[in-house]
Amino acid sequence: MTENTQAVEKQSAITLASIARIFLGIFGHFIVKRFLFFIFVVWLASTVIFIIPRLSGQDPVKEKLLLEAQRGGAMQTGLDAMAKTYQKKFGLDQPMSTQYFNFMKDLARLDLGVSIAFYPRTVNDIVFESLAWTLGLMGTVTILAFILGTLAGAVLGWPRRPGWVQYVFMPLLTLAAIPQYLLAMILIFVFAFQLGWLPLFGGYSVATVPVFTFEFIVDVLQHAILPAFAILFSVVGFWAIGMRGMMINTQGEDYMIQADAKGLKGSRIFMRYALRNALLPQVTGLALVLGTIVTGQVLVERVFSYPGIGDILFQAIRLSDFFVIRGIVIVIIFGIAGATFLLDILYPLLDPRIKVRSS
Amino acid sequence: MSTFLELDHVTKKFGSEGMFGNGMVTIAVDDVSLTIDEDEPSITTVAGESGSGKTTLSRLLLGSHVPTEGRMLYRGKDFTQLTRRERRNFRREIQPIFQDPFESYNPFYKVDHVLSEPIKNFKLASSGREKNRMIEDALEMVGLVPGETLGRFPHQLSGGQRQRIMVARALLLKPRVILADEPVSMVDASLRATILDSIRRLNRDLGISVVYVTHDLTTAYQISDNILIMYRGTIVEAGTVDQVIPNPQHPYTQLLIESIPQPDPKNRWGSEPPQQNWDTSDTDIAGCRFADRCPAVMDQCRTSAPKQYLINEKQLTRCFLHEEKGEMQNPDITSTFQTESETIKAIPADMSA
Amino acid sequence: MAELVTSPEPMDTEINGGFRQFNTERIQPIKRYAYRNPSLIWGFGLMIFLLLFVGIGHLVWDTEQFHPLSTPTRLAPTLSHDMVKGGELTGEVRAFPFGTDTAGRDLLAVAILGTPLTLRIGIIAGFVSIALGTIAAFMAAYYRGWVDGAIRSVVDVGLAMPGLLILILIRINIGRELSTDEMGFALGLVGWVFPARTIRAQVLVMREQAYVELSRLSGTSGMGIIFKEMLPNLIPYITASLVGSVAGAILASIGLEAIGLGNFSAPTLGMTIFFNIQFSSITLGMWWWWLPPLVAIVIVFLGLFLISSGLDEWSNPRLRKRV
Amino acid sequence: MSTEQSIQTYRDGARITDVDALVVDGLSVYYETEGGTVKACDGVTFTLKQGERFALVGESGSGKTTLAMALMRLTRPPGHIAKGSVTLHGRDITSLDDKEMRQARLAEIALVPQGAMNSLNPIMRIGKQIIDGVIDHLKDDEPTPTKDELDEMVHDLLTRVGLRPGVARLWPHELSGGMKQRVAMAIGISLRPKLIIADEPTSALDVVVQRQIMQTLGRLQEGLDASIMLVGHDMGLVAQFADTIGVMYAGKLVEVGPVEEVFSNPKHPYTKLLIGSLPSLQEKREFLGIPGLPPLLVDLPLGCAFADRCPSRFDKCETAIPEKLNIGGRRDVACHLYEDEVQS
């Protein structure tokens, strides 16, 4: 009944003013709410990240510094300066509230601190350089996999599909069960090591100069093919399985029977009725599993020594470069929360019912 | 005369106004006063369309909703002040029968579960044998054969059987009031009679009051003593069924009765009535909520809300057409209900099925 | 049967809001069920095959050879290898059917020990996260109000913080290697948010069922409603989630190990993968080094995947993926 | 048409002609299941005249919806049309190819579905859902209508079903149950079909809304000179709306006749009990149910399916399935009681 009353309120006077009011009142309100939640997620996650080192009672940074100091050598000069900065910023003698305040202040300015291993390079420098590689390759592949997988699943879940589709696609779906980085290893072995068609690792050949020339771009693309396929194969299967299930569920809906009774063309029923409705939970799913996709891709980068976030993370772990690790974690959380926020606010465009639910 | 449950100027609102609400407020139940007496067991129908507030009213009576305004009294005591023990007693003494006899069953269990659980929870039986006897008695009371019913899963029984087990369940708890919310609307016509008969029998043989919530005025007329008609949260008409159904006074009741599809091809509907208008929020309506559909609408209907006017001692209505009768002194609508069973209740001939 | 006539859907998917009947009468003879749900049977078959390999391996093979330097290095799979000590032939002949790695581990011993170890991590983590997730879900969905609000916020934040990254931070801060069991617990502690969310959605649907309301009015306590009315109907769903969680935890543990945060003395499948990446076994052409753990992992995942989709079908075909 | 000859009916303004709009002959729909063959609809035969309102009533599981779906050839596996023919204005639609059948739906035979709540695509605006059927039924040589023409068409259809034109821009969830049912009717009449099948069109609606919808439906049908088949279980609604009634029991049509005659003088024992069990507003009386339960369709008795609930059964009922008998005029009944009457 509330739904009805709201609804008819809208239809009663469709004037410009009322449209504006509805936009601000419901849609605007909805975006604001989602944005506040985005801020909340980032804040809470950062707080957790702040607390974790203080729970263990140990100070990895101090230990690392001591270790380096004992070794002496080339880093000695920078070390003193860094130790001072460290003391000033994170001095454990300061009260916890001040430390927390400083941490949040830096975060608000998007200042992730300095690297211990590569002092005085900043974490921002290191992370954002590798982020370009990660976003370039993994971002494209994730979206591509989502589209391809959803389409494949839609066809597989359509009762009027040609029979052979089943036999071609179903075996491909089992690839979804194989972790991406293992698929990566198989691909390297077959196509890079055995056949030698494609480069074994890296984002570009050591010999080339990373400037924007035609040769360089071809080289980068060649290096991207294997990691891309490793992710594509397994993620496509994941989306296809989900979509297939949703398509089968959709078949039982009353509006599908009615679409047939209306004598619509098969193509229209497929696209406008079945696929569009089955797509909605897929998009929700995308928001939910974003986290696992990102970490999975981080590992694929590691296998290929691809110069993205994953590789940097590995290096940082090896060198106990605490601030770089922390920076990467924060950037990834930012990315996932941001992408979820985007999906959340785009979702009402796909599903008109959501506006009512949110208000 | 002891009062079991009393609603004193009870209002229930949903939704909220202001910046974060969407501005639409639904007054599901608006200023209702009524009493349910123990020693005068009767069958009372709450009738209305969807959105009339009849389900909200029944949830209030069950204690599942808390009034937004007004007081609810259980045996004379304010509902908010009940002790744990009293609340537990209340829970046992008023029992529901829901609309969908299938969904009332947990698919994990055999139908026995729904009968034995309340006995266990309220410690009604001292031994397993006593428990079994109680269950069998209750089943027989509603015309079921225990051997054919117990030990089965709900999907193995018919809709009619399932609903009658629900009546038996309510019976086990020895309640004072049974609240039957559309108990036959999802059951085929040929099976309705037996369920309604078993409900009627509870009232007559065991002295249990029944609140029968329905949109079906025909069955209401057949089994109940009293009726109240709701429209958008207000009670527009109330009284004994013998008074209200043949002589409806409120234009809405008249429309409702006239719209019932009677199984008589010689007696067909008149012209098409106007559509309902949901455009306005309940709080924006200053006058009578039925004004925009009312064929007899007057100017004052749009500006001020009608009060309860007494047509005679067995019927009240909330319509300005009867303003000259004067506002009721006692807001309790049940004051128009018959105090003694006057109608002849037919003895159910068929309880086998 | 009458139901079937009016609706084109098979009846048991429609009734009762999509909750599939789950009672003993419904569990059909295995043979007929296997025909209807081949995924489940294939999945169990794969897992049993793996366990047989491990079990027989423990009985017939010297698993102590998993230690580094207990065998010659870089040995391709062979059934007879003359052993050498101090540059002299000892006259002893040993078989290395899976070959050895660059550090001198017998890779058959590693496979026999590593497979159950990795499964153990997954099972510990799976149980911990499902237990936590189920408790959180029931608390949130049943008590509603601020409890629900708080749990939902934590879950939503948790979903944005990949558990793996949190583990990396924790691991770096603890500054020592985790034992495999500890890793299982840690994975469970960060892995409960997803099951919590999906189970909560299920409980919310179930809460609205008339039988829950009726049970409350029959005097059943809150705990009684959870354990007696709701939980039994959710068992199939929770089991399916458990399998999913085990798979997820195994995936995460291998990831954690592959990135160098594993336990170096535990010959898990993940550590074997780590050494492979570390010593570039692929470019060395030592296919026998990376192939067995890879095959074992693929069998584990395929098996769990098939079991979980089989269970999914069993528990709830209609609500699938409608989180 | 010069051969038109009006059939007498008590309904004012009814234009029922002698032309056969729909001839269903021995139609059987079976479902193959693990437990055996379910005869959801078995040997159903009836004729529907042009302009007539025919109501098919029966309790849940009697096969009425199965029959309605089969008339549009929308039976889904494991169900299939096993026997019989459906002739719509002289054309046997069971022999059409898939493309012809698709074209016939909506244009010649339209469905106003049960529970319009979910029969609209939740993510498509009302206006689009009304016109997409129109566009998919354009002939190859027909030009696509312009946007203005389509808007005009939607405007016209919505007005005719009693909705404001603004409804075209709304989403399904923004409408009340009654409004959705009106949209379903607008879709149903968009191509001026000659037969409308209304499958429990008002089952979830309140009495007043139900009356409004049924009266609108009747008005539309008269405006189109179409025939209508109302499928339902509410005898009251049938009495109010239909010219002719067909009663189904356990997959078979047990009685057919003009609604007035059937209500005043029911022949089949099931129809008698069904009408007798209806509560009335005129008088208070004990109202009886029908004892027993309908048989399972997968396990039908050898003889008459109603035999074990029937108060008038005799030996033959247990052994032989009663055939359809014409007992004068347009009245058919399938019951052994009347065999002698017909023969003599």
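Bear in mind that the values here come from a model prediction, so they are computed numbers and not experimental data. Throughout, protein chains are lettered first and strands after them, A, B, ... in sequence-line order, and every chain is numbered starting at 1.
Residue contact with chain C, scored on non-hydrogen atoms closer than 4.5 Å, is absent for A/Val42. If you measure heavy-atom distances from A/Phe334 to chain C, you find no contacts under 4.5 Å at all. Contact annotation for C/Leu261: only side-chain heavy atoms (C-beta onward) come within less than 4.5 Å of a heavy atom of chain A.
For C/Phe49, the CZ atom is loosely surrounded, since the number of other residues' heavy atoms within 6.0 Å does not exceed 12. More than 12 heavy atoms of other residues, nucleotides or ligands sit less than 6.0 Å from atom CZ of A/Phe50. At most 12 heavy atoms of other shown residues, nucleotides or ligands fall within 6.0 angstrom of atom CZ in A/Phe233.
Taking A/Ile328, A/Leu280, A/Ile317, A/Val329 one by one and counting their heavy-atom pairs under 4.5 Å with chain C, the maximum is reached by A/Ile317. Of the listed residues (C/Ile259, C/Val300, C/Ile254, C/Ile277), the one with the most heavy-atom contacts under 4.5 Å to chain A is C/Ile259.
Side-chain atoms of C/Ile168 and A/Leu313, non-hydrogen and from C-beta on, do get closer than 4.5 Å to each other. Taking 4.5 Å as the limit, some side-chain heavy atom of C/Ile273 sits within range of a side-chain heavy atom of A/Leu182. Under the 4.5 Å side-chain criterion, counting only non-hydrogen atoms from C-beta, C/Phe305 is in contact with A/Ile241. Side-chain contact check for C/Thr283 versus A/Phe189: every heavy-atom pair is 4.5 Å or farther apart. At least one side-chain heavy atom of A/Pro179 sits less than 4.5 Å from a side-chain heavy atom of C/Ile297.
Shortest non-hydrogen contact noted between C/Gly285 and A/Phe193 is CA-CZ, 3.5 Å. When all heavy atoms of A/Phe314 and C/Ala258 are compared, the closest pair comes out as CE1-O, 4.5 Å. Across all non-hydrogen atoms, the minimal contact from A/Arg326 to C/Leu169 is CA-CD2, 4.5 Å.
Atoms CZ and CZ, on C/Phe274 and A/Arg302 in that order, are 7.0 Å from each other to the nearest 0.5 Å. Here the CD1 atom belonging to A/Ile336 is positioned 7.0 Å from the CG atom belonging to C/Leu165, to the nearest 0.5 angstrom.
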